[in-house]
S.K.: 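Take a look at the following structure, please.
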Amino acid sequence: MRELSIGVIGCGYWGPNVLRSFNMVPGCRVRRAADRRAGRRRLVAEQFPDVTLSEDHQPILSDPAIDAVCVVTPVSTHHEVALAALRAGKHVFVEKPLAMTAAEAEDIVALAAQMGLVVGVGHLFEYHPAVTALRAALVDGMIGDLAYMDAARINLGPPASEVNVLWDLAPHDLSIQILLAGEAPQTVTAFAGSFTRDGLLDAAFVHLGFASGCMGHIHVSWLSPHKTRRLFVMGTRGSMLYDDTAAEKVRIFDQGFDSRAGATDDDAHALFYRPAKVEVPVLSSDEPLRLECEEFARAIRTGSAPRADGASGVRVVRVLAAAEQSLARGSVSVRLSEVGFA
């Protein structure tokens, strides 16, 4: 098996994690990395002395030995850098979100298809063992038909950001809910506000309506120091809770028992409701980022599409664009079909 040579463009907060994870994948080696900031290059040089560093990313693109490029730069640059990498004949792994607009996201996917190259998108939680367990439970019918999903992702915001809280935090839960529903939503309605950052949304609520009839709800916020990473999944015969901050990350509840149902004035027994059974699945200890990098490498070798592929990236960006349109129109419901690529 020929070793895949990887280049990483962008070594800020997340770039070194991507670099480390690709170096953990058998048959992969990060050979080059680039960042305009001298301090970040020094950090990478200390941690990864075998990586050749440059201020500009052009040496990565012009190196014929580099098979794939990871774009871990600000989202405003994703379109330009990803297209340049594809034109240079490199497979691309782009951090979330794939691009700033639906048109830009589609550009990346279209060029990759034309060039016969793989696009992977950093929808990290699609590879989380907890989300894999939720998906398996749905497929197995453990909670019946999917009714609705309710997610909250809350923490203090970054000190500086070129994107609002929707584009920063919501891609994670959008990708999870689209994966669990097995379809993109038909309608999107958003509510949001700027409370601590003038002109930059720092709290938002997004409602998703799916063709199957199930619903999705996402709450994202930069306003609380109390970190929340929680997803409720409700079905017709039970429910599931995924709490990424808890020791037992996934709990599956059956429909339970409700003695109040059918009770009459003559009933003398206690009235109560409770789940009848709680199951805590055993999750693998695999690191999601390593699994994500491993599947991207496998896709390059086999020609298959990774789970979080370019099409997945386009779907998430289209939902984000629909949420922005909803806000611009006074929080009305926007059909995803209205979000085109022009």
Side-chain angles (χ1 to χ4, degrees), residues 123-155 169-186 205-221 224 226-292 295 307-308 312:
H123 293 163
L124 179 71
F125 284 87
E126 292 194 35
Y127 296 89
H128 198 297
V131 174
T132 300
L134 297 178
R135 190 182 186 199
L138 279 171
V139 170
D140 291 344
M142 291 183 67
I143 64 168
D145 296 328
L146 180 60
Y148 71 91
M149 299 166 282
D150 184 9
R153 189 171 298 268
I154 303 167
N155 52 249
L169 296 182
H172 289 309
D173 293 298
L174 288 173
S175 64
I176 293 171
Q177 294 198 9
I178 291 172
L179 178 70
L180 295 181
E183 59 178 329
Q186 282 191 326
F205 300 86
V206 180
H207 179 81
L208 310 175
F210 295 87
S212 62
C214 75
M215 301 183 296
H217 182 262
I218 295 171
H219 172 203
V220 289
S221 172
S224 173
H226 180 73
K227 184 177 180 179
T228 302
R229 298 284 185 273
R230 189 177 61 238
L231 171 65
F232 292 102
V233 181
M234 313 298 177
T236 54
R237 296 200 307 273
S239 61
M240 299 184 287
L241 171 62
Y242 165 33
D243 187 341
D244 201 45
T245 66
E248 295 178 344
K249 294 192 181 302
V250 175
R251 288 184 288 168
I252 304 173
F253 307 87
D254 70 6
Q255 196 168 31
F257 179 77
D258 191 344
S259 71
R260 302 170 303 174
T264 69
D265 292 341
D266 294 328
D267 288 327
H269 60 72
L271 301 179
F272 62 90
Y273 62 96
R274 64 169 180 241
K277 183 177 68 174
V278 180
E279 181 176 329
V280 180
V282 177
L283 306 179
S284 81
S285 59
D286 291 325
E287 183 185 7
L289 182 55
R290 187 189 62 77
L291 294 175
E292 186 175 46
E295 190 182 60
R307 181 183 302 175
S312 173

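Each residue takes its place number in the sequence, starting with 1.
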S.K.: Are there more than 12 heavy atoms of other residues, nucleotides or ligands under 6.0 Å from atom CZ of R230?
M.R.: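 No, CZ of R230 has 12 or fewer neighbouring heavy atoms, counting only those of other groups under 6.0 Å.
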S.K.: Around E183, counting heavy atoms of other residues, nucleotides and ligands shown, do more than 12 lie under 6.0 Å from its CD?
M.R.: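 Above 12, so yes.
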S.K.: State the CZ-CE distance between R135 and M240, to the nearest 0.5 angstrom.
M.R.: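 These two atoms lie 12.0 Å from each other.
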S.K.: Would you say E126's side chain and V131's backbone share a donor-acceptor pair under 3.5 angstrom?
M.R.: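 Between the backbone of V131 and the side chain of E126 there is no qualifying donor-acceptor contact (under 3.5 Å).
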S.K.: Are there more than 12 heavy atoms of other residues, nucleotides or ligands under 6.0 Å from atom CZ of F210?
M.R.: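 Yes.
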S.K.: Is E279 close to M142 at the side-chain level, that is, under 4.5 Å between some pair of heavy atoms?
M.R.: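 Yes; the side chains approach each other to less than 4.5 Å.
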S.K.: If we only count heavy atoms from C-beta on, is the I252 to P281 side-chain gap below 4.5 Å?
M.R.: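 A side-chain contact under 4.5 Å exists here.
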S.K.: Any idea which heavy atoms bring P129 and L283 closest together, and the distance?
M.R.: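 Smallest heavy-atom distance, with atoms named: O-CD2, 3.8 Å.
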S.K.: Are R153 and F125 in a cation-pi setup, meaning NZ or CZ lies under 6.0 angstrom from the ring centre and within 45 degrees of the ring axis?
M.R.: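 Flagged: R153 positioned over aromatic ring of F125.
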S.K.: Shortest non-hydrogen contact from V250 to A130?
M.R.: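 That closest heavy-atom pairing would be CG2-CB, 3.6 Å.
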S.K.: What distance do S221 atom OG and F205 atom CZ have between them, rounded to the nearest 0.5 Å?
M.R.: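 Reported to 0.5 Å precision, the distance equals 7.5 Å.
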S.K.: How long is the gap from CG on L231 to CG on D173, to the nearest 0.5 Å?
M.R.: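 Those atoms lie 7.0 Å apart.
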S.K.: Any side-chain heavy atom of R307 sitting closer than 4.5 Å to one from Y127?
M.R.: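 Side chain of R307 against side chain of Y127, heavy atoms only: contact under 4.5 Å found.
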S.K.: List the atom of Q177, the atom of G216, and the distance in Å for their closest heavy-atom pair.
M.R.: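 Here Q177 and G216 meet closest at OE1-CA, 3.3 Å.
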S.K.: Answer whether the closest heavy-atom distance between the side chains of I143 and L138 falls below 4.5 Å.
M.R.: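 In short, these two side chains touch, coming nearer than 4.5 Å.
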S.K.: To the nearest 0.5 Å, tell me how far L208 CG sits from Q186 CD.
M.R.: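 Reported to 0.5 Å precision, the distance equals 12.0 Å.
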S.K.: Mind listing the closest non-hydrogen atom pair of G141 and R237 along with its distance?
M.R.: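 That would be O-NH2, 2.9 Å.
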S.K.: I need the minimum non-hydrogen distance between P185 and I178, along with the two atoms involved.
M.R.: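 So the minimum-distance heavy-atom pair works out to CD-CG1, 4.0 Å.
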S.K.: Where do H128 and K249 land on the side-chain contact (heavy atoms from CB on, under 4.5 Å) test, with the steps shown first?
M.R.: CA-CA 11 Å; H128 198 297; K249 294 192 181 302; 4.1 Å; yes
S.K.: Considering non-hydrogen atoms only, spot the tightest contact between F232 and M234 and give its length.
M.R.: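 For F232 versus M234, the nearest heavy atoms are CB-CE, 3.2 Å.
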S.K.: Do L179 and H123 touch side chain to side chain, with heavy atoms closer than 4.5 Å?
M.R.: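 The answer is no, as the side chains (C-beta and beyond) never meet within the 4.5 Å cut-off.
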S.K.: Among I154, L174, N155, which one satisfies side chain to side chain contact (heavy atoms under 4.5 Å, CB included) with L169?
M.R.: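 Of the listed options, the one satisfying the test is N155.
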